[in-house]
Amino acid sequence: GAGVSQSPSNKVTEKGKDVELRCDPISGHTALYWYRQSLGQGLEFLIYFQGNSAPDKSGLPSDRFSAERTGGSVSTLTIQRTQQEDSAVYLCASSLVGTAGAEKLFFGSGTQLSVL
Amino acid sequence: AQKITQTQPGMFVQEKEAVTLDCTYDTSDPSYGLFWYKQPSSGEMIFLIYQGSYDQQNATEGRYSLNFQKARKSANLVISASQLGDSAMYFCAMSSALIGNEKLTFGTGTRLTIIP
């Protein structure tokens, strides 16, 4: 498809298990973002990849969270030893980096993570 | 640090009426971008409109316009002739205009319901 694709759309896991969330950005988009949206809240920035630059990890809430982007395209967000407070919708977005400040992000439909 | 404040958790508006969604922001950056996104029940975030801090005129995109008042640090979204399909969550967001700092800061959102 032409949009940002995320998988799985829903993930239920047990506390303490590791999970991997996948994002396929729009082809050709150089920037990729992960955000987290807790129930009834706005979006919380997690991590940002831009081309070959070192990722901006300033939003990752703990060292249980990590992400990688392979070949400048697909990204995987990994949460180790999941906790109940990790339950949220994890949204991925991509964009073409152009004029500073004019970041039109294209979002995927998200992965709903539920930690029991 | 940047901060976005949306003080209206929910709004109900009659179909075909205009609606204004409030957004105020705080930043120490000399230049920045302001955005509005729509999130329908499907969960996907949809870009609506963008305003640069140095833009002299208010941005418009079809039925959407951004009422930018820089001195008051407000960036309200105006939707003219509202439609049933406008029912959704609406998020205000901002970015720094600095190259390499494209991540967005989001507000907590306003849930808009259009009444037939």
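Values below: every heavy atom of this structure, side chains too, minus hydrogens, waters and symmetry copies. Being a predicted model, the structure only gives us computed values, none of them experimental. Chain letters run A, B, ... following the sequence lines, proteins first, then strands; residues in each count from 1.
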**Report entry** Within 6.0 Å of NZ in Lys70(B), more than 12 heavy atoms from elsewhere
**Finding:** yes

Query raised in the report: Do other residues, nucleotides or ligands put more than 12 heavy atoms under 6.0 Å from Lys11(A) NZ?
Result: no

Query - Side-chain heavy-atom pair Tyr37(B), Leu105(A) within 4.5 angstrom cut-off - result: yes

Query raised in the report: Hey, are the side chains of Phe106(B) and Tyr35(A) touching, using non-hydrogen atoms and a 4.5 Å cut-off?
Result: yes

Report task. Sort Gln37(A) into side chain, backbone, both or neither according to what part of it lies under 4.5 angstrom from a heavy atom of chain B. Result -> side chain

Report task. Would you kindly confirm whether Tyr25(B) and Leu48(B) end up in one hydrophobic cluster when ILVMFWY residues are joined by side chain heavy atoms under 4.5 Å apart? Result -> yes

Query - Min side-chain heavy-atom separation Met45(B)-Leu91(A) under 4.5 Å - result: yes

**Report entry** Flag if over 12 foreign heavy atoms under 6.0 Å of CG, Leu39(A)
**Finding:** no

Query raised in the report: Counting only heavy atoms not in Glu14(A), do more than 12 sit closer than 6.0 Å to its CD atom?
Result: no

Report summary line: Cut-off 4.5 Å, heavy atoms of chain B, and the answer for Ser53(A) is neither

Query - Side chain proximity check, Glu44(B) to Phe106(A), heavy atoms < 4.5 angstrom - result: no

Report task. Give, as side chain, backbone, both or neither, the part of Gln6(B) having an atom under 4.5 angstrom from any heavy atom of chain A. Result -> neither

**Report entry** Gln14(B) atom CD, neighbour heavy-atom count above 12 within 6.0 Å
**Finding:** yes

